[in-house]
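The next block holds one structure in the form of structure tokens; read it before the comments.
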Amino acid sequence: MTDTRSPLLAGTLDLLILKTLSLGTMHGYGIAQHIRRLSKEALRVEEGSLYPALQRAQVKGWIASESKRSPTGRPARYYKITPAGRRQLAVEEKTFHRSVAATTLVLEGDAS
Amino acid sequence: MNVREIIGRVLAWRRREELEHDLAADLEAHVEFLARDLEHDGMSRDDALAAARRQVGNVTSYREHSRDYWGFPVLEAVRQDVGYALRGLRRSPGFTATVILTLGLGIGANAAMFAVIDRLMFRPHTYMRDPGTAHRVYLQTTYQGRTSANIVFPYLRYLDLTRASGTVAQFAAISEWRFAVGTGEASRVRKVAGVSASLFDFFDAPPVRGRYFVAAEDSTPVGAMVAVISHAMWVGEFNSADVTGRSLKVGMVDYTIIGVAPPEFVSTVVGMPPDVFVPITTIPANHGLWSQQSYLVNYNWDWTEVLVRRKPGVSAAAVSAELTGAYIRSRAAARALNPRVLPDSLVHPRAIAGPIKQAAGPEAGSESRVLLWVTGVAVIVLLIACANVANLMFVRVIRRRREITVRLALGVSRHRLVAQFVTEALVLALLGCVAGVFVAQWGGAAIRQLLLPQGSAFNLATDWRTLGVALACTVAAAVLTVVGPALVATRTDLAATLKAGAREGTYQRSRMRTGLLVLQGALSVALLVGAGLFIRSFHNARSVPLGYDARPVLEVVVDFRGFKMDSARATDERRKLLAVAQSLPGVAYATRINSRLFGTNTTDLRVPGVDSVERLGRFNFQMVSPDYFRVMQTPILRGRAITADDRGGTPLVAVVSDAMGRALWPGKDPLGQCINVRFTGRANSPACTTVVGIAENTAQQNLVDDPRFMYYLSVEQFFPAELSTLFVRMSTPDAAAQVEGLRRALTRVMPGDGFVVVRPLQVVVDDQSRSWRLGASLFIAFGGLALLVAVVGLYGVVSYNVAQQMHDLGVRIALGARSSDLLGLVMWQALRVAVSGVAIGLALPLVAARWVQPLLFKQSATDPATYAVVGAAMILAALAASAIPARRAMRADPNVALRSD
């Protein structure tokens with residue numbers, strides 16, 4: 001069985017976390033699941049990267065967190081995006097699209 | 001890193017334990033959720049949990065990664081290094097204590113000296129507005145090759161200078177006095193500042209109560225009798241009550257208090273802070289009618305200091321130039337009144353807009369120069385301390401060589417290792433700095449008492465400038481002490497050291513340490529030579545023949561406080577006072593005098609047959625009553641002294657000093673010659689005052705270059721109703737102990753609110769040799785300190801070397817060396833260092849001799865005896881320091897040496 005999962009593109013973890021949280025508050029596991037689901041299991045976020053990234057985003061003021069009970073009744077830490085986070089998301093999205101477009105141009109470009 | 005992130009990191013750092021806990025909870029939840037999903041997919045509960053845990057992995061590493069965002073990783077590393085350094089230092093308390101003490105003494109010496117020179121020379125006065133544009137006016141003349149700068153002028157000259165308004169935005173005048181303030185029991189002698197109203201505009205110091213006086217109240221000829229009191233006096237004397245409108249007697253005049261200055265406001269006064277500020281034009285009223293009438297007419301009373309503020313964009317040189325012009329015109333005006341004012345071509349008058357602090361100005365005096373030298377000495381002491389500490393660190397590094405090598409081999413980066421060394425040095429230096437501040441605050445009390453005027457506030461804890469300098473010294477010390485050892489430590493050849501035993505690779509690297517020892521020895525020797533030269537100067541100054549014996553003499557300054565008397569009553573009161581003094585038990589002789597010691601006066605002197613007396617030099621006169629020469633024990637060489645018969649109505653007589661007689665009548669007998677003495681305000685004297693006696697030369701102007709031209713006149717023949725100072729000779733030498741008794745006895749017979757101030761005359765004489773005493777005491781203190789540090793350093797290194805060589809020495813004994821050979825071997829090592837140090841150390845002062853010479857008194861800066869004594873002392877000290885380790889070397893045991901391999 002071949003592993004069809006892809007490693008994350010460098011620098012995209014923040015973008016994925018912010019995008020995910022822009023849809024609503026979520027706990028860490030939820031974020032990982034969400035990314036996996038939306039990428040059709042292609043992107044898998046390592047726990048070892050996810051949690052330090054969440055800490056970093058908190059320190060930078062992009063996301064905030066609070067402790068709540070999950071629907072199953074288990075207490076968990078829920079993260080939500082802040083206005084600064086939304087601004088950062090816009091910036092990163094733009095950068096990402098530009099970068100992908102540019103990379104695509106190079107890959108597909110026939111030196112005509 | 002933007003501001004938000006910095007705040008975020010700080011907040012995270014503060015709650016890092018909580019965050020760690022949260023993170024752990026998060027991961028626990030994650031495992032839980034994952035396990036539940038896996039269970040959903042059909043796993044058993046236990047398998048699901050195990051799988052989830054496996055997937056999430058090592059919780060510690062999450063924490064490690066997250067820590068990078070909680071707080072500041074760089075600071076964290078620093079904190080670790082500091083912790084490491086502190087642990088290391090705690091393990092070797094002897095080393096740590098020695099280093100802290102050594103650096104503490106070095107840093108403390110510098111902090112103490114800086115605190116003093118900063119106060120005397122550099123720090124602007126409290127509250128001064130824009131200190132960079134404010135200056136003091138110095139008036140300089142160069143006469144017969146001697147340049148001198150004055151800061152006190154006649155008030156009339158101040159008015160003349162204010163015409164230089166092209167470059168100067170504002171002028172102010174100030175004069176300092178000591179007057180009795182208050183009445184009855186509460187009256188005390190206080191510092192009083194007579195100031196122009198404009199002086200307050202030089203400061204941003206609004207009064208805490210009432211107001212300052214204005215220009216209209218500082219008017220000529222007599223200003224308004226209003227006074228502003230100091231905050232200290234307001235609190236101490238008036239309990240912070242509402243004092244405006246109250247009356248205050250200052251000297252002999254009643255003033256009305258109109259305001260209270262803010263705390264610590266001293267205007268530009270150095271030393272004892274003034275308690276009362278009054279309009280400067282009211283000061284002459286406190287000096288009697290004569291002063292009041294003449295201060296706006298004559299140029300013969302120097303009492304006003306002048307401050308100026310430059311106009312914006314004008315240089316100090318431009319101000320000096322304009323003031324010089326005004327000064328020359330002022331001299332012309334003075335010459336119109338008194339033709340004997342010397343022509344400008346002879347005295348080269350020049351005005352200088354210089355530093356407000358006199359000690360930093362052109363007439364700083366030898367004391368300031370000595371101070372700067374001593375500050376240099378303090379820096380050298382710090383250098384010696386650093387050399388010593390560097391040496392100790394070398395030894396420490398060498399001892400830890402194997403540990404360091406192992407760490408390097410294990411992959412610790414050299415960069416990180418250096419960081420740890422630097423941290424250790426910084427920690428040590430900072431501890432030394434703390435010790436230094438203590439040394440400067442408490443140990444420096446003696447220095448300050450010697451150097452700062454009485455009453456100067458001093459608290460290092462709030463003195464940011466001095467603390468800053470102490471910190472700068474600390475960083476410099478850390479850098480100086482760490483560079484060498486750190487280089488040695490990190491250049492270690494891994495393989496060689498790991499292979500070698502503990503003993504090898506230790507002894508050969510001592511060349512750098514020997515160099516440091518030689519340097520310490522050399523610097524100590526140089527300082528001790530300085531100490532020797534100053535001690536001899538001081539001794540020379542003390543043994544200058546003065547021509548009088550001041551030791552049992554008390555000086556009595558009499559203040560009648562404006563008690564209204566006609567001339568007959570004034571004469572009577574003064575005669576009565578003298579008679580009372582003469583009749584007191586314990587008093588041998590008493591005399592009235594005109595000029596205090598080293599406060600000489602001149603007047604218009606003409607001598608028939610001598611063209612211009614002024615050009616021969618300065619001739620000082622003294623007014624005396626009959627017992628003067630007995631009081632001072634000044635011998636009359638020929639002729640007679642002034643006697644009770646030389647009173648009003650008899651022919652005028654004078655006694656001249658031997659030097660004056662020789663200068664005025666070379667080759668002739670001064671006895672019977674005629675001099676013509678004139679005083680302003682007194683009807684022209686008869687043409688002739690006859691010389692009836694020749695007295696021994698006396699040093700009354702200064703100790704150094706006084707030509708000793710003195711002549712003595714009879715009080716009773718010239719000013720029987722004036723002269724309010726007495727010299728009283730006690731019959732026992734403990735004059736100082738009798739000050740209070742004499743003061744009480746004389747005050748009792750004073751009319752009105754009058755009182756007397758008594759002090760030993762020897763104090764005045766001692767003041768004259770102050771700069772050499774200062775140099776001697778400070779050089780001795782610092783030189784001794786340096787010697788101590790150097791000897792301790794030598795002892796430490798020789799001991800260490802002996803310990804390292806024990807094996808070697810044991811082998812030598814086994815081969816038949818006698819223990820005296822070993823003694824010689826060790827002593828020889830120490831001696832070599834000492835001799836090199838002495839050689840270099842003696843060369844240093846020889847090089848500096850040219851600059852030191854002017855500070856010395858009748859003492860060659862290259863005096864062989866001083867150099868020889870210091871050199872010998874250093875070598876003896878070195879031998880003493882190596883004697884103990886050398887004895888240890890003699891006991892080297894061949895058995896131990898041979899068995900250990």
Side-chain angles (χ1 to χ4, degrees), chain A residues 3 5 8 13-14 17-18 20-21 25-37 41 43-88 91, chain B residues 1-41 45 48-49 51-76:
Chain A
D3 194 348
R5 292 179 304 178
L8 285 184
L13 181 56
D14 283 349
I17 292 174
L18 289 175
T20 307
L21 288 179
T25 63
M26 247 173 254
H27 48 62
Y29 182 72
I31 297 171
Q33 290 299 98
H34 180 87
I35 294 174
R36 206 160 62 124
R37 238 182 358 255
E41 310 277 325
L43 292 178
R44 172 148 160 43
V45 182
E46 298 281 348
E47 287 82 357
S49 317
L50 173 66
Y51 283 95
L54 287 174
Q55 291 300 333
R56 191 169 97 93
Q58 273 197 105
V59 163
K60 290 206 179 254
W62 296 336
I63 62 173
S65 68
E66 64 179 324
S67 204
K68 275 199 294 202
R69 287 199 175 275
S70 72
T72 60
R74 197 193 186 293
R77 178 155 299 273
Y78 278 76
Y79 295 90
K80 70 167 185 242
I81 193 163
T82 64
R86 285 188 194 280
R87 282 196 296 279
Q88 180 67 19
V91 172
Chain B
M1 210 184 271
N2 59 20
V3 180
R4 181 206 295 274
E5 186 176 345
I6 290 173
I7 296 172
R9 278 173 185 264
V10 171
L11 289 178
W13 182 76
R14 292 190 49 177
R15 16 188 315 262
R16 62 193 180 287
E17 296 205 347
E18 192 184 331
L19 286 175
E20 251 176 51
H21 180 259
D22 284 354
L23 180 63
D26 255 12
L27 291 171
E28 198 47 49
H30 192 102
V31 168
E32 192 79 24
F33 288 130
L34 184 56
R36 213 192 49 207
D37 281 359
L38 290 175
E39 231 178 313
H40 228 55
D41 294 346
R45 170 81 187 154
L49 263 181
R53 279 197 203 290
R54 232 180 359 259
Q55 187 179 326
V56 171
N58 182 1
V59 178
T60 317
S61 82
Y62 293 77
R63 202 159 60 216
E64 290 299 322
H65 280 110
S66 301
R67 274 216 186 111
D68 287 349
Y69 309 114
W70 301 336
F72 305 87
V74 178
L75 292 184
E76 197 55 25

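Here is the naming used below: chain letters follow the sequence lines, and residue numbers restart at 1 for every chain.
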Could you list each donor and acceptor atom pair linking chain B to chain A at less than 3.5 Å?
from	atom 1	to	atom 2	distance (Å)
B:Glu5	OE1	A:Lys60	NZ	2.8
B:Asp22	OD1	A:Arg77	NH2	3.4
B:Asp22	OD2	A:Arg77	NH2	3.1
B:Asp26	OD2	A:Tyr79	OH	2.5
B:His30	ND1	A:Tyr51	OH	2.7
B:His30	NE2	A:Glu47	OE2	3.0
B:Arg36	NH1	A:Thr72	OG1	3.4
B:Asp37	OD2	A:Tyr29	OH	2.5
B:Gln55	NE2	A:Glu47	OE2	3.1
B:Tyr62	OH	A:Gly48	N	3.3
B:Trp70	NE1	A:Gln55	OE1	2.8

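With sequence neighbours left out, the side chain to side chain contact (heavy atoms under 4.5 Å, CB included) criterion links B:Leu11 to B:Ile7.
Between chain A and the residues B:Leu19, B:Leu34, B:Leu27, the largest count of heavy-atom pairs under 4.5 Å involves B:Leu34.
The shortest heavy-atom contact between B:Ala29 and A:Pro75 is CB-O, 4.3 Å.
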